[in-house]
Amino acid sequence: MTARAATDRKVTDRAPSDWRGATALVTGASSGIGRAVALRLAGLGLRVALVARRADRLADVVAEIQAAGGQALALPCDVRDLDALARAFQAAQAAFGPVQVLLNNAGFARQAPLLSGDPGLWRAMLEVNVLALAAGTRLAVEQMQAAGRGHIFHLSSMSAHRVPPGSSGMYAATKHAVKALTEVHRQELHEAGLPIRVTALSPGYVKTEFVHTLFQCDDAAAEAVYAGIQSLDPDDVADALIYALQAPPEAQVHDILLRPRRQQS
Ligand code: NDP
């Protein structure tokens, strides 16, 4: 290809995408990565709808955003209840306008080996990590079509890319499903000709409340776990999301794999 032909085929407007004033909905915004991303999006001028079960924790995040001059709304909801999830999307649209940015971040792991674990925990991980992500994406796409653009993020994991030894049963399978759903969403959005991007974020260890839930432990025990490993900060994941969000409109980041440098697997 000649240099001239390459230029002719270049359709990308190199200006960064600007999302100021757009509505974002973040699931799992009451702690960890979701909270960090919600704060960053609000700082960029987006209006942020916050979904999680713990209403008190969401209220704290709303207060933090508002104190910094941003706009946010708490929508307490268990994402396994798909009717409640749909009502949260409606409430976000009513308050701030159609959702243009979605972070499907609510998720968790529990120890539940496949040969001996509680199938109720398998079901819960599948419902939160996989089914709610698919349902939320569908709800968001309806609103993004009204807005004329959108960007969907799936909080995946390095556990979507390999199964670490000692994996907690169903968890790695849920994240492998998220990896597949990311590609299926990309294909369906492409087929439909919609100007909506989809991006997965695949971190390794991140210091959040993930370990509290995994081991059903208190702060001191979680600190001891994190003391023994190198972990990312939730803001490292927020940085990756912002990079993909602000990429020029025709550039679609598919997946970002990020580990702490000293994480072995
Ligand atoms: P946290 O435990 O700090 O955050 C999990 C969030 O998910 C909380 O806000 C929690 O809110 C929400 N959540 C869980 N279940 C539900 C539910 N049924 N309905 C609504 N919200 C729910 O952990 P992280 O920030 O680390 O986890 C965020 C995502 O990152 C998850 O998808 C996780 O799998 C992924 N991840 C985490 C890694 C890590 O090392 N920390 C590594 C790779 C991926 P509430 O309890 O208030 O409902």
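Order of appearance sets the numbers: ligands from 1, and atoms from 1 within every ligand.
- E142 places none of its side-chain heavy atoms less than 4.5 Å from the side chain of F89.
- In this structure, the ring-ring contact (aromatic ring centres under 6.0 Å, His included) partners of H185, at least two apart in sequence or on a different chain, are H154.
- A donor-acceptor pair is defined here as one N or O able to donate and one able to accept, closer than 3.5 Å; no such pair exists between the side chain of T174 and the backbone of L126.
- Given atom 22 (C) of ligand 1, the protein heavy atom at minimum distance is A106 CB, 3.8 Å.
- Comment: K207 engages E223 in a salt bridge, judged by a side-chain N to carboxylate O separation of less than 4.0 angstrom.
- Under a 4.0 Å N-O distance rule, the pair E209/R35 does not qualify as a salt bridge.
- Counting only non-hydrogen atoms, the option in R54, E209, H212 that gets closest to atom 2 (O) of ligand 1 is E209.
- A distance-only check finds no donor-acceptor pair linking the side chain of R138 to the backbone of A134 [under 3.5 Å].
- Nearest protein neighbour of atom 23 (O) of ligand 1, counting heavy atoms only, is T208 OG1, 3.3 Å.
- For atom 1 (P) of ligand 1, the closest heavy atom belonging to the protein is S31 OG, 3.4 Å.
- Two residues are said to be in side-chain contact when any heavy atoms from C-beta on lie closer than 4.5 Å; H212 and D219 meet this criterion.
- In the hydrophobic clustering of ILVMFWY residues, with side-chain heavy atoms under 4.5 Å counting as a link, Y171 and V211 come out together.
- Atom 20 (C) of ligand 1 has its nearest heavy-atom neighbour, among G32, C77, G28, in C77.
- Counting only heavy atoms of the protein, atom 41 (N) of ligand 1 lies nearest to V206 O, 3.0 Å.
- For atom 25 (O) of ligand 1, the closest heavy atom belonging to the protein is I33 N, 2.9 Å.
- Across G34, G107, A132, A38, heavy-atom proximity to atom 5 (C) of ligand 1 is greatest for G107.
- Side chains of Q187 and E191: no donor on one and acceptor on the other come within 3.5 Å.
- Looking at F108, Y171, Y205 and measuring to atom 36 (N) of ligand 1, the nearest heavy atom belongs to Y171.
- Within the structure, the closest approach of T27 to ligand 1 does not fall below 4.0 Å when heavy atoms are considered.
- Between K175 and ligand 1 there is a heavy-atom distance shorter than 4.0 Å.
- Here the heavy atom of the protein found nearest to atom 37 (C) of ligand 1 is F210 CD1, 3.9 Å.
- Comparing L155, N105, V128 against atom 31 (C) of ligand 1, the shortest heavy-atom distance belongs to N105.
- Here the closest heavy-atom approach between residue Q230 and residue Y205 is recorded as O-CD1, 3.6 Å.
- Residue contact annotation: A124 has no non-hydrogen atom under 4.0 Å from ligand 1.
- Counting protein heavy atoms only, atom 43 (C) of ligand 1 is closest to P203 O, 3.3 Å.
- L41 has its side chain within reach of I242: a pair of non-hydrogen atoms, C-beta onward, lies under 4.5 Å apart.
- The closest protein non-hydrogen atom to atom 10 (C) of ligand 1 is S30 OG, 3.8 Å.
- Here atom 15 (N) of ligand 1 lies nearest to R53 when heavy atoms of M125, R259, R53 are compared.
- Nearest to atom 38 (C) of ligand 1 by heavy-atom distance, out of S156, A29, G204, is G204.
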